[in-house]
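Both counts, for ligands and for their atoms, begin at 1 and track the order of listing.
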Amino acid sequence: MKNANKKTPGGETHQTTDDAHPYLTNNQGMHIADNQNSLKAGERGPVLLEDFILREKIFHFDHERIPERIVHARGSAAHGFFELYESLSDITRADIFQRAGEKTPLFTRFSTVAGGAGSVDTPRDVRGFAVKFYTKEGNWDLVGNNIPVFFIQDAIKFPDLVHAVKMEADRAYPQAGSAHDTFWDFVSLMPETSHMIMWAMSDRTIPRSLRTIEGFGVHTFRLVNAKGKSTFVKFHWKPKLGLQSTVWDEALKLQAADNDYHRRDLFEAIDSGNFPEWELGLQLFDQKTADNLPFDVLDPTKLIPEEVVPVRIVGRMVLDRNPDNFFAETEQVAYCPANIVPGIDFTNDPLLQGRLFSYLDTQKSRLGTANFHQIPINAPKCPFMNMQRDGMMQMQVPKGRANYEPNSLDMAGEEPGPRECPVTGFSSFRGRPEEEEQGDKLRIRPASFADHYSQARMFLHSQTENEQAHMASAMVFELSKVTLEHVQMKVLANFRNVSENFAARVAKGLGLPLPAKTPSAQPVQDFKPSPALSIQKNMKEMLKGRCVGILINDGSDAGIIDKLQKEIKKAGGSSKLVAPRLHGIVLSDKSKIKVDGQLAGTPSQLFDAVAIVLSEAGTAQLLNEGAAIQWAMDAFGHLKAIGFNKDARPLLDKAGVAADEGVVETGKQFITAAAKRFFQREPSVRKLA
Ligand code: HDE
């Protein structure tokens, strides 16, 4: 059916349906004749209540939002697959771990924790790392974080923790930040937060990209094989691009440069075919190993160093497809740690046990119905059927009389209904015969959870000097935003248990005297440092997945730019051109080009390394341009490689860029430098605590 395009009284033309475009309808399937004007009594008359098309459209729009997640509201996600490297059938009967080479579809959502859905991507915050595997035996959700431990040991403290970190109750600020009174008040009174606080103050919480974070299941889980034998497991995700973080000043400026920095980065990487990849690692250990560790494996504030129990790499996750629709998929996806499959099981970790209740409950409140599992992004990709019925938004149309089990009806004539299967069905790990899962009813913390400081100290001592200085400076920053001196003092008193030196540095940075030490329930132990916990010790020097910004102007040497871009591409990286104007930059060879970013809106913090290629005249023009000077100054201050051609040198001089091994002329040495950060430069650009 063809329609001629229609003219409105105002004279604009609106496209109507043709062979390529389907009919626009209302929600009942009725064709719409006019989607531009409401129904009025006369040309300039009142709109009529009768306009059911207008009312349906506005009614639906009015209800477009659903409650955002209580925590982890701000997130970005992607589809992909998990590929198993080797069969783990000796350790688990989980179907996903049986056949080497087999791929399982999945959907992964990354998030910040504290901010609302519309908050920025780069505050100092923990990142959520939630994976939904659509396995052949049901959905398995591994709902983890980018930090392997948690703030608290018992689920009953979670609402307090979250209330404390979120915006304050009366003033509704700060949004998405922990640097305020109530968070640190809670921390100061809960020494069990000490270990996680050290992680939160480290560069782990200011990642460069979601593609460069690790993921952890946090709790100890179990893998159970066909014979019913249980092996403890801790889950790890290791990014193929290695770990990479920002420096604090860069993170702050990224917030201003691009609120959606991580979301855009993930989307663009996938869109351009640079699929982010992680390897799944397992720390597998038995009861004897658990019994010999100097802490309790049920305590989620503790990690097992990789040097003690190695991480066995068993497969990889590739994210290769962006969501088609943010709301339908990323917003409506409902993760739940209780979604497990036969061959995977829980432990008695009291935080995990609380989570097993919370997520199902929160999904009902967010998605409005107990049938949220039928939404496409949440539905298993294997058959699912049972006798659960009805409820709001039931999408299925079950047949027959029998909606209960056992029944004899669906055997006699009706379509056969589902029945239980003791062989393939889930059965909980029975526990150890010598370990009673019963006892007096008690509200108690086990004594084995009482050491709050030893692993916090271990984490600190596992970092490079520069990373330790970042942590002390982060703590000074956060506590300097706290207005209550007694809270600052209590935090310092606690942290004297972690490290006298660290507490003293923070106290000095704040200009406060060191208070008396908080007594520790247990003597603090000096564990061996774990180099695996440091970002800087584990960064990969590579251009793959990274982007170089190239600042140019009229007259820039076309040959240098072309060679540079080719070399970057050859090394696996990408590049973007930045100039004072978006259109019409005329290069040395008189070619006229459009660049990728306009200087004032494309600051250097958006890039992993920068190059400045200018003619003498082009440089002279930019010497009075604050944005250009800041571009170079920030790249230097953020410890990035800076490539330049000789004529651009005056701009570097004006920006105070000193010569060091990261500041090099464009060419081979720049390609090598661009794959690194120059942490050794930092003492020359800022004073750390
Ligand atoms: Fe969550 N958490 N959590 N959490 N969590 C939620 O579920 C909760 C905890 C984590 O991308 C909520 O669907 C309790 C640890 C991630 O959609 C809620 C406790 C870890 C996500 C909830 C914890 C996490 C959530 C909010 C303490 C790391 C985002 C909306 C007992 C292992 C998933 C929702 C996504 C989301 C409860 C602690 C990770 C309210 C009660 C520990 C990655 O149910």
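By the criterion of a separation under 2.8 Å, the protein N/O/S atoms near atom 1 (Fe) of ligand 1 amount to Y359 OH.
Those atoms of ligand 1 that come under 4.0 Å of a heavy atom in T362, given as number and element, are 7 (O), 13 (O), 30 (C), 34 (C), 40 (C), 44 (O). The distance from ligand 1 to the heavy atoms of Q363 drops below 4.0 Å at these ligand atoms: 13 (O), 34 (C). Within ligand 1, the atoms closer than 4.0 Å to a non-hydrogen atom of F129 are 43 (C), numbered from 1 in the order shown.
Between the side chains of R109 and H72, not a single donor N or O lies within less than 3.5 Å of an accepting N or O. No hydrogens or angles considered: a donor-acceptor pair under 3.5 Å links the side chains of S448 and D296. Q463 and Q536 are not linked by any side-chain donor-acceptor pair at a separation below 3.5 angstrom, with hydrogens and angles left out of the test.
Note: H79 and F107 have tilted aromatic rings, judged against thresholds of 30 and 60 degrees for the angle between ring planes.
Geometrically, ligand 1 and S111 share no nitrogen or oxygen pair separated by less than 3.5 Å. Here's the thing with H219: none of its N/O atoms is less than 3.5 angstrom from an N/O atom of ligand 1. Where the criterion is an N or O separation shorter than 3.5 Å, residue side chain and backbone included, R109 meets it with respect to ligand 1.
Counting only non-hydrogen atoms, the option in P300, G144, P159, C336 that gets closest to atom 43 (C) of ligand 1 is G144.
For the ring-ring contact (aromatic ring centres under 6.0 Å, His included) test with W278, the passing option among F82, F216, F129, F235 is F129; the others fail.
Atom 28 (C) of ligand 1 has as its closest protein heavy atom N145 ND2, 3.2 Å. Atom 33 (C) of ligand 1 has as its closest protein heavy atom Y335 CD1, 3.9 Å.
Every heavy atom of G75 sits 4.0 Å or more from the atoms of ligand 1. Not a single heavy atom of F357 lies less than 4.0 angstrom from ligand 1.
In R389, the CZ atom is crowded: over 12 heavy atoms of neighbouring residues, nucleotides or ligands sit closer than 6.0 Å.
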